[in-house]
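Read the structure below first, then the notes.
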Amino acid sequence: MEKFIPDHLDEKLMVLDHRYLEMARIWSGNSYCKRRQVGALIVKDKMIISDGYNGTPSGFDNICEDQNNITFPHVLHAEANAITKVAKSNNSSDGATLYVTTSPCVECSKLIIQAGIKRVVFSELYHHTDGPELLEKAGIEVVYHKL
């Protein structure tokens with residue numbers, strides 16, 4: 001975990017990171033998922049250009065898990081929802097920062113790379129670190145900021 005803790009952030013940026021992560025945490029409350037609620041914001045030039053939370057695709061029932069509490073395979077991650085939402089808008093995520101409550105998985109990390117996002121800040125480390133490691137390999141700044 002120490003790998004993703006920066007030792008060189010300026011104080012203003014740390015304050016902004018904290019605020020946007022708090023907003024992503026609040027946004028995660030919109031998720032109908034029971035096992036884990038995740039929220040994401042895409043910020044560019046200090047403006048929120050997209051948001052997302054984990055849940056089912058449009059038109060599906062808002063049920064994320066089966067009777068055994070296993071997440072359905074069609075459930076979208078918060079990052080994927082935020083990225084596809086910005087793709088449908090007139091905004092560009094190129095050069096933006098993604099704030100997400102849980103570190104991205106490897107599949108979402110691939111989307112983040114392709115979306116041109118240059119910085120990812122998260123507040124909870126998921127049990128797999130292959131996503132953040134892939135992001136770093138792609139030259140994306142990855143920051144763990146505990147709330």
Can you check whether Thr71 reaches Arg35 side chain to side chain, under 4.5 Å on heavy atoms?
-> yes

With a 4.5 Å heavy-atom cut-off, do Ile112 and Pro104 have their side chains touching?
-> yes

Do Phe122 and Glu79 have side-chain heavy atoms sitting under 4.5 Å apart?
-> no

Could you check if a side-chain atom of Asn54 sits within less than 4.5 angstrom of a side-chain atom of Cys64, using non-hydrogen atoms only?
-> no

All heavy atoms of Leu21 vs all of Thr101, minimum pair found to be O-CG2, 4.5 Å

Is the closest side-chain heavy-atom distance between Phe72 and Asp66 below 4.5 Å?
-> yes

Would a 4.5 Å heavy-atom cut-off, applied to side chains only, mark Leu16 and Lys46 as touching?
-> yes

Sub-4.5 Å side-chain heavy-atom contact between Val143 and Arg119 | yes

Using 30° and 60° as the class limits, which term best fits the ring planes of Tyr99 and Tyr20: parallel, tilted or perpendicular?
-> tilted

May I ask whether Leu125 and Leu135 are part of the same hydrophobic cluster, defined by side-chain heavy atoms of I, L, V, M, F, W, Y residues being less than 4.5 angstrom apart, directly or through others?
-> yes

Give the cluster check for Ile48 versus Val15: same hydrophobic cluster or not, with ILVMFWY residues linked at side-chain heavy-atom distances below 4.5 Å.
-> no

Before giving the answer on side chain to side chain contact (heavy atoms under 4.5 Å, CB included), spell out for Asp61 and Thr56 the whole-Å C-alpha distance, their side-chain angles and the decisive distance to 0.1 Å.
-> CA-CA 7 Å; Asp61 289 333; Thr56 57; over 6 Å; no

Is any NZ, NE, NH1 or NH2 atom of the basic residue among Glu107 and Lys110 found under 4.0 Å from an Asp or Glu carboxylate oxygen of the other?
-> yes

